[in-house]
Structure formats: C-alpha cells, structure tokens
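Quick notes on the structure that follows.
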Protein chains: 2
Amino acid sequence: MAGMRRGSLTRELLVKESLRLLDNDGLTGFSLPKLGRAIGADPTAIYRHFASKDDLVLAIADALLEEASAGLAPGPCWAGTLDEIARRIRRAPRGPVGGQRGPAEMRMVDMVIGAVLAAGFAGAEAATLYRAFGNFAVFWSGGEAVFLALGEKAQRADLNAWTHAYLVADRSAYPSIWRIREHLPSVADDDEIFETSLSFMLAGLAKRAPNPCMCGAHAG
Amino acid sequence: MAGMRRGSLTRELLVKESLRLLDNDGLTGFSLPKLGRAIGADPTAIYRHFASKDDLVLAIADALLEEASAGLAPGPCWAGTLDEIARRIRRAPRGPVGGQRGPAEMRMVDMVIGAVLAAGFAGAEAATLYRAFGNFAVFWSGGEAVFLALGEKAQRADLNAWTHAYLVADRSAYPSIWRIREHLPSVADDDEIFETSLSFMLAGLAKRAPNPCMCGAHAG
DNA sequence: ACCTGAACACCGTTCAAGT
DNA sequence: ACCTGAACACCGTTCAAGT
C-alpha cells in the first residue's frame with residue numbers, strides 16, 4: 001500500500017482504509033498518523049481531503065450506516081419495518097454515536113418516519129415517536145459499543161466482578177442481587193436483552209397506533 | 001487552591017475537584033495535567049492516589065451515581081420505583097457510560113433487581129429484564145451525554161441541519177421527513193421523548209409481570 | 001511516604017516548503 | 001494542485017530524584 005502517487009488519495013480510499021484499520025485493531029488502533037502510515041503517505045496527508053478528524057469520522061459513520069442499510073426497504077407491516085431497522089442499526093459495525101447527518105442517515109430517518117406515519121401517527125406526535133424509536137436504536141447500539149470498547153482486559157475484569165464480587169457479595173447488603181446471582185454472569189445473551197427491550201418499544205408503539213400492523217405479530 | 005501540603009491530596013479531594021472541573025468546562029476541559037494544575041500540584045501527582053486515568057474516571061462515575069441516588073428508596077409500587085431510578089440515572093450529571101462496579105452502582109443494581117423480583121419475575125427471566133431495563137436507562141443517559149458532548153458548535157450545526165437541510169430537503173427524496181418537517185427541529189422536548197420511551201419499557205414489563213403494580217398507573 | 005520534574009511515546013493540527 | 005515534514009500545543013504514563 002506504500003508509494004502513493006499524487007492524486008491517488010481520495011476521500012473514498014481514506015474511508016475504506018479507515019474501516020480496515022478499525023476492523024483489524026479496533027478503536028484503539030485508530031489515529032490520523034496511523035492511517036497515514038497505513039496508506040504509505042505522510043501522517044498529515046489526510047488534511048488535504050478532510051477538514052478535521054471529526055470530518056473523517058462523520059464520513060466513516062455514514063459509510064457504516066450505508067453498508068448496514070443495504071437492500072433495506074419498507075415492508076407491508078410498519079412494525080416489522082421498524083423492527084428490521086433497529087436490528088440493522090445494532091448490527092452495524094460499531095460506529096460512533098453522534099448525530100451524523102449523512103445521506104445514508106437521511107434515508108434511514110425517512111424510513112423510520114415513514115413507518116410511524118404508516119402506523120397512523122401524525123404531526124408532533126409522529127416526530128416524538130420517531131425520535132423515541134430512533135434514539136432507542138442508536139443509543140442501544142452506541143451503549144453496547146462503549147462496553148465493547150472497554151477492551152477485552154476491562155471486560156474480563158467486568159465479568160470477574162460478576163462471577164466473584166457479586167456472587168460472594170454480602171447477602172445482607174445486596175439481597176436481590178443475591179437471589180438471582182447465578183443468572184447474572186451470563187454475558188452472552190446480549191441478543192435476548194436487546195430483543196426484549198425492542199419488543200417493549202414496538203408493543204408500546206403498536207398499542208397507541210391508530211393503524212394496527214399488518215402482520216399481527218406486534219400487537220400491544 | 002495552590003500550595004498543597006504533603007498528605008493533603010486525597011482520593012476524595014481529587015474526585016471533588018474533578019467534578020468541579022467537569023461542571024465548569026465540560027468534558028473538553030478535563031485532563032490529568034489540568035486537574036493537577038487546578039489543585040496547585042504537579043501534573044503527575046494524581047498517580048500517587050489513582051493507578052490510572054481510568055481508575056479516576058471510575059471513582060468519578062460512582063460519585064455521580066452516589067449523588068444521583070441520594071434518598072432513593074424502593075416505594076410500594078415496583079413500577080414506580082423503576083420509573084424513579086431511570087429518571088435519576090438520566091438526571092445524573094453526565095457521567096461516563098461504562099460498567100462501573102462501584103458501591104453506588106451495586107446499590108442501584110440491587111434496587112432494580114428488587115423491583116423486578118417484586119413484580120413477580122424470577123431466575124433467568126428476572127436477570128434478563130433487569131439488564132433490559134438497566135441498559136435502557138444507562139444507554140439513554142449515555143446517548144444523550146454523547147450528543148451534548150458534541151459541543152455547542154456541533155449542536156448548533158445539527159440544529160441547523162434540521163432547520164435548513166431537512167426542511168429544504170428534496171420532497172421527493174425524503175417524502176416522510178417532508179411531511180413532518182416543521183415538527184422535527186424542536187430539540188427542546190428531549191424530556192418528552194424520554195418519557196415516552198420509558199413508559200413503553202415500563203408498560204412492557206407490567207404487561208408481562210405476574211404481580212401488577214400497586215398504584216395502577218403503569219398498566220400494560 | 002508523598003511529591004516533583006524531566007522524559008517518553010504518543011495525539012490533532014498548522015504551515016511553510018517542496019514538486 | 002497535492003504532498004511532505006518540521007513544528008506546536010497538547011495528551012497519559014513512567015521513573016529517578018528530592019524532601
């Protein structure tokens with residue numbers, strides 16, 4: 001990858017290489033100098049194509065969302081559409097959380113609002129419900145990402161805290177923790193926890209919705 | 001604050017001063033050198049009381065949670081207790097998100113699990129529901145904090161995106177955004193968005209719970 | 001025992017200089 | 001027009017030296 005000819009550096013190439021770096025080394029292994037070296041250019045060459053690191057991050061985030069929304073289209077059931085969107089956002093390779101405002105995000109926002117309108121909501125209520133559901137999906141994805149970003153060392157320590165500190169924990173100081181102590185360390189079932197919360201959100205929407213969902217599986 | 005005598009630096013004092021710095025200058029204005037200078041000590045003096053910055057951050061986070069849970073006690077209605085806990089976590093001065101494992105967190109975890117048990121859940125289901133609700137509260141708080149941390153400049157730009165880009169947005173490219181465009185820029189009603197999502201979560205729990213809540217206000 | 005201060009290996013960003 | 005490379009003002013962290 002070394003020996004860039006002039007003009008061979010583009011925004012697309014830099015985003016693609018960033019994704020590769022993030023995939024390989026995680027968030028820790030990412031910095032502008034590292035990105036520069038990875039493409040065999042000067043550590044500051046990025047500034048010819050992005051105004052700042054934030055600008056690059058924004059482009060990366062939208063590329064991730066773009067990838068996550070491949071082939072996504074509204075289905076006949078508005079609740080099913082929202083369900084699918086939330087899953088896509090969560091499954092998206094761990095991107096940063098902020099408000100991105102890229103074209104891929106615009107399309108996703110439009111789909112979420114479209115589903116909320118299909119449910120029969122309108123005006124300010126539709127806006128609130130769009131943001132409630134959108135925040136839920138984005139915040140959950142971001143929250144899990146933050147936990148993952150703690151690094152394997154900290155995660156191991158965390159699991160340790162459950163298996164040791166919590167298990168051995170004062171029965172009298174934390175009686176409720178004690179009662180379900182053997183079910184707490186199972187860190188593996190993050191999917192089930194997400195599914196449960198998502199189903200609560202969708203049921204809440206469905207219960208309040210003027211139009212029932214078409215498939216009948218998302219009843220309040 | 002300058003002129004520290006030896007032995008006058010303690011973990012408590014450093015945490016307290018950190019909170020003051022975070023309050024004044026936000027997350028941007030916080031670093032170990034700055035903390036050192038703020039207390040009139042050497043920039044590296046912190047390392048005599050904390051193993052690392054992460055260690056300090058953990059202590060800060062638990063202090064924030066401690067403050068947020070002042071006077072908190074389980075009420076007669078388990079749903080009301082969960083409701084109050086989620087509000088406290090959200091209102092807590094914006095702390096970092098990760099799994100903290102401090103004593104204040106332990107007490108809060110015990111209360112959440114206590115409420116879930118009071119609802120009549122048990123075993124693995126209780127553990128899953130505790131984590132669903134706990135993640136919801138923590139992720140939401142963290143997500144909002146990330147948005148706030150974007151800084152006022154980025155937030156202004158974001159609001160701008162709504163009032164301009166989205167409003168003027170292609171009616172044909174984003175028809176659903178277009179239909180509720182005038183309701184989208186109202187960034188002020190974050191509270192209502194949170195309330196809505198929280199009520200969905202609580203209703204979902206209540207609907208599945210063997211024991212109804214005592215006050216009747218949280219029916220599924 | 002606790003604090004200092006120099007030092008190290010990094011950051012993001014700027015800017016004059018090259019080609 | 002695009003890239004380089006020195007430079008700046010920062011980080012978190014370590015460690016020998018002071019008292």
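Every chain is numbered from 1 and lettered A, B, ... according to where its sequence line falls, protein lines coming before strand lines. Values below: all heavy atoms of this structure, side chains included; hydrogens, waters and symmetry mates excluded.
The closest side-chain heavy-atom distance from B:F136 to B:I89 is not below 4.5 Å.
Scanning for salt bridge (charged side-chain N to carboxylate O under 4.0 Å, His left out) contacts around B:R179 gives an empty result, with sequence neighbours left out. B:T44 is linked by a side chain to side chain donor-acceptor pair (under 3.5 Å) to B:D42, counting only residues two or more places apart in sequence or in another chain. Every salt bridge (charged side-chain N to carboxylate O under 4.0 Å, His left out) that B:E66 has, sequence neighbours left out, goes to B:R107. Residues forming a salt bridge (charged side-chain N to carboxylate O under 4.0 Å, His left out) with B:E67 (at least two apart in sequence, or on another chain): none. Applying the side chain to side chain donor-acceptor pair (under 3.5 Å) test to B:D25 and every residue at least two apart in sequence or in another chain returns nothing. With sequence neighbours excluded, no residue forms a salt bridge (charged side-chain N to carboxylate O under 4.0 Å, His left out) with B:D110.
Phosphate contact (OP1/OP2 of D:dC2, side-chain N/O of A:H49, threshold under 4.0 Å): absent.
Atom CG in B:D42 sits about 14 Å away from atom P in C:dA7, given to the nearest Å. We find that CG of A:L9 is positioned 13 Å from C1' of D:dA1, with the value rounded to whole Å. Between A:I46 atom CD1 and D:dC2 atom P there is a gap of 15 Å when expressed in whole angstrom units. The separation between B:R11 atom CZ and C:dC3 atom P is 14 Å, rounded to whole Å.
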Polar-atom pairs under 3.5 Å, protein N or O versus N or O of nucleotides 11-15 of chain C: list them with distances, or write none.
{"unit_1": "C:dC11", "atom_1": "OP1", "unit_2": "A:S31", "atom_2": "OG", "d": "3.1"}
{"unit_1": "C:dG12", "atom_1": "OP1", "unit_2": "A:K53", "atom_2": "NZ", "d": "2.7"}
{"unit_1": "C:dG12", "atom_1": "OP2", "unit_2": "A:L32", "atom_2": "N", "d": "3.0"}
{"unit_1": "C:dT13", "atom_1": "OP2", "unit_2": "A:Y47", "atom_2": "OH", "d": "2.7"}
{"unit_1": "C:dT13", "atom_1": "OP2", "unit_2": "A:K53", "atom_2": "N", "d": "2.9"}
{"unit_1": "C:dT13", "atom_1": "O5'", "unit_2": "A:Y47", "atom_2": "OH", "d": "3.1"}

* **Secondary-structure notation, DNA chain D, from Watson-Crick and G-U pairs under 3.5 angstrom (| other strand)** => ||.|||||...|||||.||

For residues 29-38 of chain A, dump all side-chain donor-acceptor pairs below 3.5 Å to protein atoms at least two apart in sequence or in another chain.
{"unit_1": "A:S31", "atom_1": "OG", "unit_2": "A:K34", "atom_2": "N", "d": "3.2"}

